[in-house]
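What follows is a set of notes on a single structure, which appears directly below.
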Protein chains: 2
Amino acid sequence: MGTRILSVEDDERIRTAVRMGLEDEGWTVDEAASGEAALEVFAERPTDVVLIDLMLPGMDGFAVCRAIRRASDVPILIVTARADTHDVVAGLEAGADDYVTKPFQPKELSARIRALLRRARPAAAGTSQLSFGDLEIVPDEGVVRRAGADIHLTKTEFRLLCELASVPGRVFSREQLLERVWGYDYFGDGRLVDVHVRRLRTKVEADPAAPRHVVTVRGLGYKLQA
Amino acid sequence: MGTRILSVEDDERIRTAVRMGLEDEGWTVDEAASGEAALEVFAERPTDVVLIDLMLPGMDGFAVCRAIRRASDVPILIVTARADTHDVVAGLEAGADDYVTKPFQPKELSARIRALLRRARPAAAGTSQLSFGDLEIVPDEGVVRRAGADIHLTKTEFRLLCELASVPGRVFSREQLLERVWGYDYFGDGRLVDVHVRRLRTKVEADPAAPRHVVTVRGLGYKLQA
DNA sequence: GGCGATCGTCACCGAACCGTCAAGGAGCGG
DNA sequence: CCGCTCCTTGACGGTTCGGTGACGATCGCC
């Protein structure tokens, strides 16, 4: 199996208790006592599930959640003493998949983690194809090449391209792109996606006026194709 | 967009309360007061999320959950008064994705549903694809292919084609098509459907003058065939 | 603190798309 | 063969939608 779980929790007693419960299930547990440490661990180790406490020294749990979600689709479970509905909603909006309030039973935590794994696993299996005709995407170091030549993309442009590339040929609506590229709680101008698509096209397309890769599907959204 | 939620709950007051909360989010709600009814509704309608109460007359919530899970990957959320850890674990083991205990806040329920949709959508979407001879319909990509070549359809044309394709060979009257493609409260020119059928034919048919797929049934309407 | 890169917003434009209409056919019954 | 009904066809304004260029705010780096 080799399921790795990252537990982000500043209270050492709870952290230990959580770890023992999870190890009883046969999972491997990484730990972090702060948000900053969590992001570091997450970047270094392959992680299958993340548990986050909301009350952390330094950056809070919501911020950690958003930061991780920006980089990955890993299942995130918030584990916290804050049971207020407002917090639950905020946590889920920040990209978390589940929200458990302390005190909780280890059995319930494990069951919820299993439920998340069950759903996440198949999705993680599909490794994204990263070549589209003369277009080549190299996720490490955020580089895109066309016909062998490096193209510099900004962070937003790159994320947009990666999102489109995640399911080649599939149409993504503007809402989906806003949600997945810009963040879950985005409210703003309706033209935002269009503008970035345009900027992306001027760099990626040989002839931006006649796009061959980043194609618009009127009334639906955009898609990427070879 | 048309997110459909099936709510399985025998207490009418709670059912109504749940429905109103969900409809506030812009979702469409189907309801069932028993497990048997739930399975029937589920088989008939496209469903994006299922909410299940554990305490039901006849077959209980766990059984409903397992039955649905056997047939589909649809996200399932258990909503119940039974807060015991044992029940939570049993529910999740039965295939549910989340477990919420009453009393709950509508906001929290909605947020949890959104979280489920977020994760389920990409996986569940790649299912539907239809073929009619040399004609191939791919709803996900908003694309129709004939003999491998992409054909561009407008949104209305595409919806019209999908509607006809939903039951191949069956004749759809103009009223039915107006209702299902354009909306329930449509009043207007009687020739609207004809015109769009024509536009559809010029794109989809090899020889628009002698349609082989989109066929007219005089006095009744149109149908799609191979 | 200054400067360039990047980002989000806005107003405008052109093209695509839609709904309507009127003028032909094509089928069908008498 | 005639006349009726139903369907097809071509064309035309109004509207919606996406593309475009520009502008100010913000960020990051020096």
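Below, read A as the first sequence line, B as the second, and so on, with proteins coming before strands; counting in each chain starts at 1.
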Protein-nucleic acid N or O pairs under 3.5 Å, nucleotides 15-20 of chain D:
unit_1, atom_1, unit_2, atom_2, d
D:dC17, O4', A:R218, NH1, 3.3
D:dC17, O2, A:R218, NH2, 3.1
D:dG18, OP1, A:R174, NH1, 3.2
D:dG18, OP1, A:G219, N, 3.2
D:dG18, O5', A:R174, NH2, 3.2
D:dG19, OP1, A:R201, NH2, 2.3
D:dG19, OP2, A:Y222, OH, 2.6

- Just wondering, do B:C162 and B:I137 contact through their side chains at under 4.5 Å, heavy atoms? yes
- Is there side-chain contact between B:V144 and B:D150, with at least one heavy-atom pair below 4.5 Å? no
- Message: What's the angle between the local helix axes at either end of the helix from C:dG1-D:dC30 to C:dG30-D:dC1, using five pairs per end and rounding to 10 degrees?
- Response: 40°
- Round to a whole Å and report the spacing from NE2 of A:H196 to C1' of C:dA5. 12 Å
- Quick one: is B:T154 getting a side-chain N or O under 4.0 Å of the C:dC18 phosphate, OP1 or OP2? yes
- Task: Round to a whole Å and report the spacing from CD of A:E157 to P of C:dG8.
- Result: 11 Å
- Query: Is there a donor-acceptor pair closer than 3.5 Å between any side-chain N or O of B:R119 and the backbone N or O of A:D73?
  - Reply: yes
- Message: Is it the case that the side chain of B:E157 and the backbone of B:H196 share a donor-acceptor pair, with hydrogens and angles ignored and the cut-off at 3.5 Å?
- Response: no
- Query: Do A:K102 and A:E9 meet the salt-bridge criterion of a basic N to acidic O distance under 4.0 Å?
  - Reply: yes
- Under 4.0 Å between a side-chain N or O of B:W182 and OP1 or OP2 of C:dG19? yes
- Task: May I have the distance from B:E205 (atom CD) to D:dT9 (atom C1'), rounded to whole angstrom?
- Result: 16 Å
- Hey, are A:R174 and A:Y222 close enough side-chain-wise for a donor-acceptor pair under 3.5 Å? yes
- Report yes or no: does A:D53 contribute a side-chain atom to a donor-acceptor pair with the main-chain N or O of A:V8 at less than 3.5 Å? no
- Message: In whole Å, I'd like the distance from the CZ atom of B:R199 to the C1' atom of C:dC17.
- Response: 8 Å
- Item | Non-neighbouring partners of B:R114 that pass side-chain hydrogen bond (donor to acceptor under 3.5 Å, both in side chains), sequence neighbours left out | A:E93, B:E25
- Note on the structure: B:L160 atom CG is separated from C:dG19 atom P, nearest whole Å, by 11 Å
- What residue among B:R69, B:R118, B:R112 forms salt bridge (Lys or Arg N to Asp or Glu O under 4.0 Å) with B:D97? B:R69
- Between D:dC6 (C1') and B:E175 (CD): distance, integer Å: 13 Å
